[in-house]
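Notes follow the structure.
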Amino acid sequence: MADYDLIVVGGGIGGSTLAEVMARAGRSVLVLEQSEVFEDRVRGEWIAPWGVKEVQRLGLYELLMGAGGHHIATHVTYDESRPAEVSEAEPLPLGFFAEGVPGPLCLGHPKHCQTLLDAAARAGAQVRRGVRVTDAGAGAAPFCAWSDAEGDHLATCRLLVGADGRTSFVREKAGIVLHQDPPHHMFAGMLVDGAGDWDPSRQAIGVEGRFGFLAFPQGEGRVRLYGSFGLDERRRFSGPEGPKAFLEAFRVGCAPANRALADATPAGPLMAYFNNDAWTDEPFVEGAVLVGDAGGWNDPIQGLGLSVTYRDVRIVSDILKASDDWSAKAFAPFAEERAERMRRLRVSAYITAALEAEFGPEAAERRRRHSEAAKTDPTLKLHGIAVMAGPEMAPPEIFTPEHRARVLSV
């Protein structure tokens with residue numbers, strides 16, 4: 001029976017990154033990945049500037065840029081309450097949120113995952129794909145069992161890492177409780193090609209009618225589109241005509257440039273899902289630790305899944321490289337930082353969702369009042385600092401019920 005320093009369950013972005021960093025540090029690492037080919041699952045393609053900083057700290061920035069990483073330089077917020085020329089008059093520059101980072105970084109999710117998994121293998125990690133994990137245990141003698149085309153297997157390790165996403169098997173086996181708040185709204189996404197008239201350096205969000213849109217260019221005419229809509233319309237874009245209806249929803253009067261998106265060609269599946277927040281009190285037990293979505297996630301309307309994951313991996317790998325003490329108490333600083341980070345992001349997401357994913361006359365009037373008030377009171381927009389620069393960069397009083405109420409009641 002083989003024995004490793006780390007067994008990483010999940011070879012996506014979080015698992016492969018941790019495997020690469022620790023294999024590079026000379027540790028024995030086994031990665032178990034269920035898929036044989038990474039597919040477009042409509043997630044994980046936008047890294048906020050503070051997340052890019054974590055990529056740099058991990059020594060993987062040049063790798064991602066070489067795989068086709070694409071930086072976005074400016075941002076525009078559209079709204080049905082004002083003409084497009086007003087929204088576009090002063091685009092927000094995105095290169096000042098993190099030193100040495102020109103803006104958010106986009107890279108297609110399947111290529112992103114494969115690039116990191118290949119890098120982990122080159123660094124010396126053993127990679128097994130097409131596996132089904134059948135059992136796992138933490139405690140004083142961590143282990144993992146799995147099956148594949150060759151049969152059943154069992155291995156032991158010093159530390160079991162759950163990087164296996166929202167429905168984490170490792171989290172379940174470790175007995176770590178996941179808390180979730182109720183869904184806030186619906187979210188759908190699709191990759192499109194042929195949007196050559198869309199400015200490749202500009203991302204955009206906006207709301208018109210009962211639809212909120214987001215567009216994140218990946219370069220060469222490809223753009224990842226997202227749309228938010230009410231829970232009461234959960235099947236709005238289902239069925240064979242769903243992709244066409246989704247693209248048509250982008251054809252809005254407040255953002256004429258969106259015609260380039262509405263006229264583009266689907267380049268991947270259309271998927272819709274509930275948006276909400278989830279968290280764990282402590283993403284570790286003796287013999288096991290969770291990274292990325294396995295440990296809880298922020299409402300995807302803020303797009304911070306990758307940034308959260310990269311910081312998780314950076315902190316956990318720093319702990320593992322700093323000492324041979326891999327006991328549960330060694331991860332207490334990680335749990336403390338992550339708990340406060342995710343709490344702040346939950347507050348920020350609540351504000352963001354209320355402003356960008358609620359619809360109807362009352363919600364439209366709230367957005368209009370907020371936009372006008374923020375011109376003279378910039379503190380009303382400070383929750384955005386948490387998204388772009390990192391939750392620790394905004395004043396602590398921003399993440400209080402009192403501030404949230406003030407922002408939404410102007």
Side-chain angles (χ1 to χ4, degrees), residues 1-36 38 54-55 57-60 63 113-165 168-171 173-174 176 283-292 294-295 309-310 312-331 333-334:
M1 181 169 58
D3 183 62
Y4 299 88
D5 290 318
L6 297 100
I7 295 178
V8 181
V9 179
I13 290 169
S16 290
T17 300
L18 184 62
E20 195 277 344
V21 172
M22 295 310 298
R24 198 185 338 140
R27 299 295 187 173
S28 59
V29 184
L30 172 66
V31 181
L32 300 174
E33 167 57 30
Q34 181 178 16
S35 72
E36 296 187 9
F38 291 116
E54 299 293 354
V55 172
R57 290 171 178 159
L58 288 162
L60 296 169
L63 177 72
C113 292
Q114 191 62 55
T115 297
L116 291 169
L117 189 59
D118 289 345
R122 288 196 302 271
Q126 293 189 35
V127 175
R128 301 288 183 269
R129 300 198 69 166
V131 308
R132 183 174 66 88
V133 175
T134 55
D135 198 8
F143 72 92
C144 191
W146 71 97
S147 61
D148 58 20
E150 298 177 0
D152 298 328
H153 310 271
L154 177 67
T156 58
C157 58
R158 289 187 59 195
L159 184 68
L160 181 66
V161 179
D164 47 345
S168 174
F169 184 80
V170 173
R171 184 182 66 229
K173 285 294 183 178
I176 298 174
F284 67 89
V285 294
E286 193 68 47
V289 66
L290 309 176
V291 297
T309 297
Y310 274 118
D312 285 357
V313 171
R314 195 265 300 169
I315 294 176
V316 169
S317 62
D318 283 350
I319 291 170
L320 296 177
K321 291 187 293 182
S323 170
D324 280 335
D325 177 10
W326 292 4
S327 64
K329 66 180 180 180
F331 297 105
F334 167 54

Would you say [X]'s side chain and [Y]'s backbone share a donor-acceptor pair under 3.5 angstrom?
X: S16; Y: I13; answer: no
X: D148; Y: R132; answer: no
X: D135; Y: A145; answer: no
X: W326; Y: L320; answer: yes

Counting only heavy atoms not in E286, do more than 12 sit closer than 6.0 Å to its CD atom?
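Yes, CD of E286 has more than 12 neighbouring heavy atoms, counting only those of other groups under 6.0 Å.
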
Looking at [atom1] of [X] and [atom2] of [Y], how far apart are the two atoms once the value is rounded to the nearest 0.5 Å?
X: L160; Y: K173; atom1: CG; atom2: NZ; value: 11.5 Å
X: F284; Y: I319; atom1: CZ; atom2: CD1; value: 9.0 Å
X: L6; Y: L18; atom1: CG; atom2: CG; value: 6.0 Å
X: D324; Y: D5; atom1: CG; atom2: CG; value: 9.0 Å
X: L290; Y: R171; atom1: CG; atom2: CZ; value: 7.0 Å
X: R24; Y: K321; atom1: CZ; atom2: NZ; value: 6.5 Å

Might you work through the side-chain contact (heavy atoms from CB on, under 4.5 Å) test for V291 and V161, ending with a clear yes or no?
CA-CA 7 Å; V291 297; V161 179; 4.2 Å; yes

For [X] versus [Y], what's the shortest heavy-atom pair and its separation?
X: A120; Y: A19; value: CB-CB, 4.0 Å
X: V127; Y: A121; value: CG2-CB, 4.1 Å
X: V170; Y: D164; value: N-OD2, 3.1 Å
X: F334; Y: P283; value: CE2-CG, 3.6 Å
X: A138; Y: A288; value: CB-CB, 3.8 Å
X: V8; Y: G15; value: CG1-CA, 3.6 Å

Please step through salt bridge (charged side-chain N to carboxylate O under 4.0 Å, His left out) for the pair R129 and E36, ending with a clear verdict.
CA-CA 5 Å; R129 300 198 69 166; E36 296 187 9; over 6 Å; no

Are any of the side-chain heavy atoms of [X] and [Y] separated by less than 4.5 Å?
X: L154; Y: C144; value: no
X: T115; Y: L63; value: yes
X: Y4; Y: V29; value: no
X: D318; Y: I315; value: no
X: R158; Y: P142; value: no
X: L30; Y: W146; value: yes
X: T134; Y: D152; value: no

Can a salt bridge be assigned to the pair R122 and D118 using a cut-off of 4.0 Å between side-chain N and carboxylate O?
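No salt bridge links R122 with D118.
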
Would you check, one step at a time, whether the test side-chain contact (heavy atoms from CB on, under 4.5 Å) holds for L60 with E20?
CA-CA 9 Å; L60 296 169; E20 195 277 344; 3.7 Å; yes

Given side-chain contact (heavy atoms from CB on, under 4.5 Å), test S147 with H153 step by step and report yes or no.
CA-CA 6 Å; S147 61; H153 310 271; 5.8 Å; no

Could you walk me through whether L117 and V31 satisfy the side-chain contact (heavy atoms from CB on, under 4.5 Å) test, starting with their C-alpha distance in whole Å, then the side-chain angles of each, then the deciding distance to 0.1 Å, before giving a yes or no?
CA-CA 9 Å; L117 189 59; V31 181; 4.1 Å; yes

Indicate whether the side chain of D325 and that of S323 have a donor and an acceptor atom separated by less than 3.5 Å.
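No, S323 and D325 have no side-chain donor paired with an acceptor closer than 3.5 Å.
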
